[in-house]
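Here the structure comes first, spelled out in structure tokens, and everything after it is commentary.
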Amino acid sequence: MNLFEHQDKAHQNTQQLIGLFALLIAVMIIAIYIATLFLFRMAPHIWWHPGLFLYVAGITIIAIVASIYKVFRLRAGEKQLLFCVAVNTVASSPT
């Protein structure tokens, strides 16, 4: 394989991973929605509650976006991580 074939293969793999990640998010939202229906004892009577579904989907997407943001912040390197720890330490120290 030459460089261009490797790039094409990597591009296809990346697209597959993005598709699987989107599918995972959808399955996670549905699973949390069904668990919430059972938690509130609505499951045998009501299977579709749009307000509850939007609430669960919103909270799940916010949690995923926050996690991705934190991963990218941590990828910034050791200096950024040490700065975050130092700021939190100074902010929480008694004065």
Side-chain angles (χ1 to χ4, degrees):
M1 275 190 179
N2 62 16
L3 175 66
F4 298 111
E5 290 173 347
H6 280 291
Q7 284 180 334
D8 287 338
K9 184 70 174 167
H11 184 67
Q12 289 173 359
N13 288 342
T14 301
Q15 288 178 342
Q16 288 177 350
L17 286 174
I18 290 172
L20 288 174
F21 185 69
L23 180 66
L24 173 73
I25 291 172
V27 169
M28 187 184 321
I29 289 172
I30 291 170
I32 294 172
Y33 172 71
I34 291 172
T36 306
L37 284 177
F38 279 104
L39 180 69
F40 291 136
R41 299 174 192 244
M42 296 169 31
H45 309 291
I46 300 172
W47 284 104
W48 178 244
H49 191 279
L52 182 63
F53 181 78
L54 289 176
Y55 181 75
V56 168
I59 295 297
T60 305
I61 289 173
I62 288 171
I64 290 170
V65 168
S67 297
I68 292 171
Y69 172 74
K70 197 62 163 178
V71 165
F72 280 114
R73 292 262 331 252
L74 291 175
R75 289 179 79 190
E78 185 178 321
K79 289 181 182 179
Q80 181 69 25
L81 181 62
L82 291 176
F83 178 74
C84 289
V85 171
V87 167
N88 287 337
T89 305
V90 170
S92 65
S93 65
T95 54

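The closest side-chain heavy-atom distance from Ile25 to Ile29 is below 4.5 Å. Side-chain contact between Phe40 and Ile46 is absent, with no heavy-atom pair separated by less than 4.5 Å.
Taking hydrophobic clusters as Ile, Leu, Val, Met, Phe, Trp and Tyr residues chained together by side-chain heavy-atom distances below 4.5 Å, Ile32 shares a cluster with Ile61. Taking hydrophobic clusters as Ile, Leu, Val, Met, Phe, Trp and Tyr residues chained together by side-chain heavy-atom distances below 4.5 Å, Ile68 does not share a cluster with Val71. Leu54 and Ile62 are members of different hydrophobic clusters when ILVMFWY side chains are connected at heavy-atom separations under 4.5 Å. Cluster membership for Leu52 and Trp48, using ILVMFWY side-chain heavy atoms within less than 4.5 angstrom, is shared. At a threshold of 4.5 Å between side-chain heavy atoms, the hydrophobic network of Ile, Leu, Val, Met, Phe, Trp and Tyr places Phe21 and Ile30 in one connected group.
Evaluation of the side-chain hydrogen bond (donor to acceptor under 3.5 Å, both in side chains) test over residues 10-39, restricted to residues two or more places apart or in two chains, returns His11-Gln15.
Rounded to the nearest 0.5 Å, atoms CE (Met28) and CG (Leu23) are 10.5 Å apart. Separation of atoms CG (Leu17) and CG (Leu24) is listed at 11.5 Å; rounding is to 0.5 Å.
Through chains of ILVMFWY side-chain contacts below 4.5 Å, Tyr55 is grouped with Ile59.
For the pair Trp47 and Leu37, the tightest heavy-atom approach, listed with the atom from each and the gap, is O-CD1, 3.7 Å.
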